[in-house]
Amino acid sequence: MTALDRLRRPYDTLRSVVRFRRFQSDGTARRLARAASVHDLRRLARRRLPGGVFDYIDGAAEDELAKAANNEAFRRIVMRPRVLRDVSHVDPSTSLLGKPLPIPLALGPTGFTRIADPQGELAVARAAGRAGLPYTLSTLATRSIEEVGAQDCERKWFQVYVWRDRGLVTEMIERARVAGFEALMVTVDTAVFGKRDRDVRRGFELPPKIGLETLIDGALHQGWTLDFLRNDPILFANVAGRAAVDGSDAVTLSDYINAQFDPSLSWADLDWIRTVWDGPVMIKGVQTVADAVLAADAGIDAISLSNHGGRQLDSAPAIVDLVAPVAQAVGDRVEIICDGGIRRGSDVVKAVALGATACTIGRAYLYGLGAGGERGVDHVLGLLDADIRRTMALVGARSVAELTPDLLGEPA
Ligand SMILES: Cc1cc2nc3c(=O)[nH]c(=O)nc-3n(C[C@H](O)[C@H](O)[C@H](O)COP(=O)(O)O)c2cc1C
């Protein structure tokens, strides 16, 4: 080896191993490209959003036991992968409410979505539409039924909170029908509002009030603050124009809900909803086998096993633990949606193997929205889609029909 070769060798070796990523000048694209999971997007959202906004999304009731339990229950479930099954073609498609779904997933309702990004519900609906997934618009949305109805999203569901003013409920349901919504999802776990300690500590009000704390927080999160100031005020868009209820006066969400929603809600009200809506009806917030059986008996089309992401009753059961006993009790009489704690596609695979038809997500897409707007929601849905396909291949399931409980449990 010549002296020149000796000098060049370190350079050649270094050149063979060093690879610089092409610089991405678009900051959002750069951040999203490095977000490998929903957990990464949560961290990005935490950085981008003011503390009170992040806590409104991330927080849960009281000691946040139910929220933690939802996540922990998924982590506890071990898979028993089968091998040598030729998984060159994996088909994760299924059907829900009689229509095909590309993967067993839908986007659940979240109120006040514009707080994470000015496009709010419109961005989430469009991202759901691109992924071919249903999107559920909340009663407490900050974009109206008509605005969301006009977005390119084929399957839209409307989430109903039953207000004391039944006339208002009837009117919203009729507007959803005219705007092309396919199904109603009636939330039944919010007779009164759960106490969310993080919101209480921050004095969080909707719309966000501009106190000294908010001003300082806003200055530290300029991207969010500029978006907030440049756009129309955030209101409860479905009741816009009704001064008493549209959110134009700052209130705490708990005062608002306790004043407007009807705590006398009962099974009889579901019969009443059937008289004003002739499409599919789901109920969201079932947390026991006994209520799941009552829902099946009442002819409900799908039940969402849900504790509201741990935002209502703090000592509620972990949702995925309910799936198998409920599936056993109701059989094929009613479709089962598993809602709460989904952070990875493997969580969806586990829920389906236990007997769920599909899962819904809340915070996962809000973290994406907070981290990177509409592209952030696309990113989350892309991650979950890829996770589901990869996990199915790794457990040896070529279709959702092959996702059975024997793929889960203790090693055997
Ligand atoms: C910020 C936020 C707002 C929500 N707003 C509503 C709502 O308006 N109506 C409703 O039925 N559920 C609402 N939920 C509950 C979600 O639909 C869903 O049940 C919950 O987020 C599922 O848990 P996950 O966040 O772990 O996926 C909300 C959840 C969050 C995080």
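All ligand and atom numbering here is 1-based and tracks the order in the structure. The first residue in the sequence is number 1, and the count goes up from there.
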Would you call [X] a ligand 1 contact, heavy-atom distance under 4.0 Å?
X: Asn70; result: no
X: Arg343; result: yes
X: Gly340; result: yes
X: Phe112; result: no

TODO: With side-chain hydrogen bond (donor to acceptor under 3.5 Å, both in side chains) as the test, would you mind laying out the steps for Gln119 and Arg126 before giving the verdict?
DONE: CA-CA 10 Å; Gln119 285 289 306; Arg126 287 191 293 257; 2.7 Å; yes

Between [X] and [Y] (salt bridge meaning N to carboxylate O under 4.0 Å), is one present in this structure?
X: Arg389; Y: Asp91; value: no
X: Glu146; Y: Arg175; value: yes
X: Arg201; Y: Asp199; value: no

Below 3.5 Å, N or O to N or O, backbone or side chain included: is there any such pair between [X] and ligand 1?
X: Thr360; answer: no
X: Lys284; answer: yes
X: Gly111; answer: yes
X: Ala364; answer: no
X: Ser138; answer: yes

Protein contact of [atom] - nearest heavy atom, named by residue and atom, plus distance:
atom: atom 26 (O) of ligand 1; value: Gly341 N, 2.8 Å
atom: atom 24 (P) of ligand 1; value: Arg363 NH1, 3.6 Å
atom: atom 18 (C) of ligand 1; value: Asp339 OD2, 3.3 Å
atom: atom 7 (C) of ligand 1; value: Tyr161 OH, 3.3 Å

Open item on the list: Can you confirm if the aromatic rings of Tyr256 and Phe193 lie within a centre distance of less than 6.0 Å?
Closed with: no

Open item on the list: Is it the case that the ring center of Phe181 lies less than 6.0 angstrom away from the ring center of Trp157?
Closed with: no

With backbone taken as N, CA, C and O and side chain as the heavy atoms from C-beta onward, which portion of [X] lies under 4.0 Å from ligand 1: side chain, backbone, both, or neither?
X: Thr187; result: side chain
X: Arg311; result: side chain
X: Gln159; result: side chain

TODO: For Ser306, take its heavy atoms, then give the atoms of ligand 1 lying under 4.0 Å from any of them.
DONE: 19 (O)

Open item on the list: At less than 4.0 angstrom from any non-hydrogen atom of Ile57, what atoms of ligand 1 do you find?
Closed with: 1 (C), 31 (C)

Task: Pi-cation contact, Trp277 with Arg177 (under 6.0 Å, within 45°) - done: no

TODO: Name the orientation class of the two ring planes belonging to His308 and Tyr161 (parallel below 30°, tilted from 30 to 60°, perpendicular beyond 60°).
DONE: parallel

TODO: Could you verify whether a donor N or O on one side chain and an acceptor N or O on the other, from Gln24 and Arg31, lie under 3.5 Å apart?
DONE: no

Open item on the list: Is it true that Thr190 and Thr187 share a donor-acceptor pair across their side chains at a distance under 3.5 Å?
Closed with: no

Task: Minimum non-hydrogen distance to atom 17 (O) of ligand 1, winning option of Pro109, Gly310, Gly362, Gly59 - done: Pro109

- [ ] Look at the side chain of Arg114 and the backbone N and O of Asp232, then say whether any donor-acceptor pair between them is shorter than 3.5 Å.
- [x] yes

